Amino acid sequence: MIPGGTGRLGPDERAAALEALVTHEFQVLVVGGGVVGAGSALDAATRGLSVGLVEARDFGSGTSSRSSKLIHGGLRYLEQFDFGLVREALTERALLLQRIAPHLIKPVSFLFPFTHIGWERAYVGAGVSIYDLLGIARGQVRGLPIHRQLTRSSALRLAPALRKSALTGALLYWDAQVDDARYVVDLMRTAAAYGAQVASRTQVTGLLREGERVTGVRAVDLESGTELLIRAQQVVNATGVWTDEIQAMVGGRGSINVRASKGIHLVVPRDRIQSHTGIILRTPLSVLFVIPWGRHWIIGTTDTDWALSKAHPAASKADIDYVLSQINRVLAVPLTHDDVEGVYAGLRPLLAGESESTSKLSREHTVAHPVPGLVMIAGGKYTTYRLMARDAIDAVAHGLDGKVAPSCTDQVPLAGADGFQAMWNARAALAKSSRLHVARIEHLLRRYGTLIGELLDLIADDPSLGKPIGGADDYLRVEVVYAVTHEGARHLGDVLARRTHVSIETWDRGLSAADEVAELMAVPMRWKARQVARELENYRAEVAAERKSQEADTDTDADAIRLGAPDIVPVLANGAGH
Ligand SMILES: Cc1cc2nc3c(=O)[nH]c(=O)nc-3n(C[C@H](O)[C@H](O)[C@H](O)COP(=O)(O)OP(=O)(O)OC[C@H]3O[C@@H](n4cnc5c(N)ncnc54)[C@H](O)[C@@H]3O)c2cc1C
């Protein structure tokens, strides 16, 4: 059982955390609230350390909500004979799927069409056999079916959308997928439940030093403008593509160089591609995934160098054209720009090698200890965040006086995970007692796991919260309120883009749902009418800028257009960059 309950992250808890951050000296202060920072906070808290965490924007709003949302070993690393890396990731996949977050992670199958006769089936089949085998290594039960070879006609039965001439046969294998943004929130809540003091919209602007040693950080609560001095024995820099900026605060000392590579995804309605399975295609440089996502498909990704805005990487028309052209190689009915409901772009924090092209750089992570009191962690991928966090806190432990317990996060289910299977099995009964349709209960269970009771209680108190959101009827009104009271959402975009995914799952990118969502947020956020209007105006401007940037031909133009819409809570120019 988690000691601090479910780790509620409402506005009052944020205020209390900010107070605690300036009145205590922490053993560990984590900078960055993506999956690696949240994972590090949980790792440290569950070793019995006192922990603080600050995030400049919304939790998970950096790379960790913009990924392909796969928990995978990375089939293509096999071609680089990186068996160790693949096995490690597949061990994590089994752990996350079965113990740590069964509510948020689920199996997904991919069809790999062959375009050649003979050798390709043997070559890919051998690779996927190794992939399957690596997944059951070290006594781990993989929890996923073994791959299957398919004839062309059985492949076409599974994926009728494919053009007959586009394949000679196929192979079907299994991996796992995650709601990446929600995973960060659950990770953060679990860390808070174990005692971590966490605050979003709080930017580190400098490091406190005593001689060489880092003794904490200088930060700003961006919501109020208040300056904070946070003292800590060890500071962990988990800022992903912003790593170099924190590193620069110690005079650029440190061995980690992170470079950003942009990847974009398109979201299209499920009926545009008739298939009972995900699809993976080889592309000239990498691979392209077609991933089932509720009533939609996510299609991506790209891999191009990016040196412009880190907070708002923009997808250009060229990026979108590229993804469409790759998927259209195999579809019987090609997709056009008009089929695209949503677009998102993210930046991979790659460890920089000197002259390699971005898609060849290793996804492995690295930990550095450039000066006493500062630990840097970077690289890696979503799937292996727990190992990154473990390694970062191992480095922290070296710098702390006294003995620190080893990492135990392989034994720590996230908030909402414990008892999930039993509750899933009881979903029909839950539907009956709550008077919600069983499909709604399944939706809530997949998003909140065993915390569903907290939402059902809110609905019992106010039945209007059990109604769908107008213009985004996959979601219930209660989810908006809960996002604010329990999940750290503070602004309209936090709810529309990350607690829900309305911004990429609706044709109008959430514009028609925005008024109702803002009104629902206003009560727990204690917003006056003026703030509601500001939130709406800001969200509309962001959507307009994103749409326009996606018509631009080049990255530079797309970036300039996207930056035309200012952030609702702007970060400061020094420190976390733009
Ligand atoms: C297109 C794409 C597809 C991907 N697909 C997959 C996949 O399918 N599977 C997989 O395993 N991995 C995938 N990845 C990789 C994975 O998403 C990343 O490795 C991971 O999310 C990085 O997490 P992070 O915590 O290091 O960085 P982030 O999530 O970016 O977190 C860093 C945080 O630090 C904050 N910050 C920065 N400066 C400051 C400051 N001064 N003060 C306070 N906070 C600060 C930022 O606001 C940010 O939230 C993908 C990546 C991309 C881009």
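As the structure is a computational prediction, the values presented were derived from the model and not from experiment. Heavy atoms only: backbone and side chains are in, while hydrogens, waters and symmetry mates are out. Atoms within a ligand are numbered from 1 in the order they appear, just like the ligands themselves.
Those atoms of ligand 1 with a heavy atom of Gly263 less than 4.0 angstrom away are 1 (C).
At least one heavy atom of His265 sits closer than 4.0 Å to an atom of ligand 1. Within the structure, the closest approach of Val241 to ligand 1 does not fall below 4.0 Å when heavy atoms are considered. Residue contacts with ligand 1: Ile246 is included, with a non-hydrogen atom under 4.0 Å away.
Ranked by closest heavy atom to atom 32 (C) of ligand 1, the top entry among Thr239, Thr301, Val571, Val178 is Thr239. Of all the listed residues (Asn237, Leu70, Thr202), Leu70 holds the heavy atom that lies closest to atom 8 (O) of ligand 1. Counting heavy atoms only, Gly240 comes closest to atom 27 (O) of ligand 1 of the residues Ser61, Ser200, Gly240, Ala89. When the heavy atoms of Ala181, Ser67, Gly37 are ranked by distance to atom 50 (C) of ligand 1, first place goes to Ser67. The nearest non-hydrogen atom to atom 44 (N) of ligand 1, considering only Gly33, Gly60, Ala56, Ser40, comes from Ala56.
Annotation for Arg446: atom CZ counts as buried by contact number, over 12 foreign heavy atoms lying within 6.0 Å.
Sorted by first then second residue, the salt bridge (Lys or Arg N to Asp or Glu O under 4.0 Å) pairs that include residues 282-291, not counting sequence neighbours, are Glu79-Arg282.
Between Tyr344 and His265, the two ring planes are parallel [angle under 30°; tilted spans 30° to 60°].
Taking the ring centroids of Phe110 and Phe289, they lie under the 6.0 Å cut-off.
Contacts between His72 and ligand 1, counted as non-hydrogen atom pairs separated by less than 4.0 Å, involve the side chain only. Residue Thr63 touches ligand 1 through backbone and side chain together, judged by heavy-atom distances below 4.0 Å.
At under 3.5 Å, not a single nitrogen or oxygen of Ile264, backbone or side chain, sits near a nitrogen or oxygen of ligand 1.
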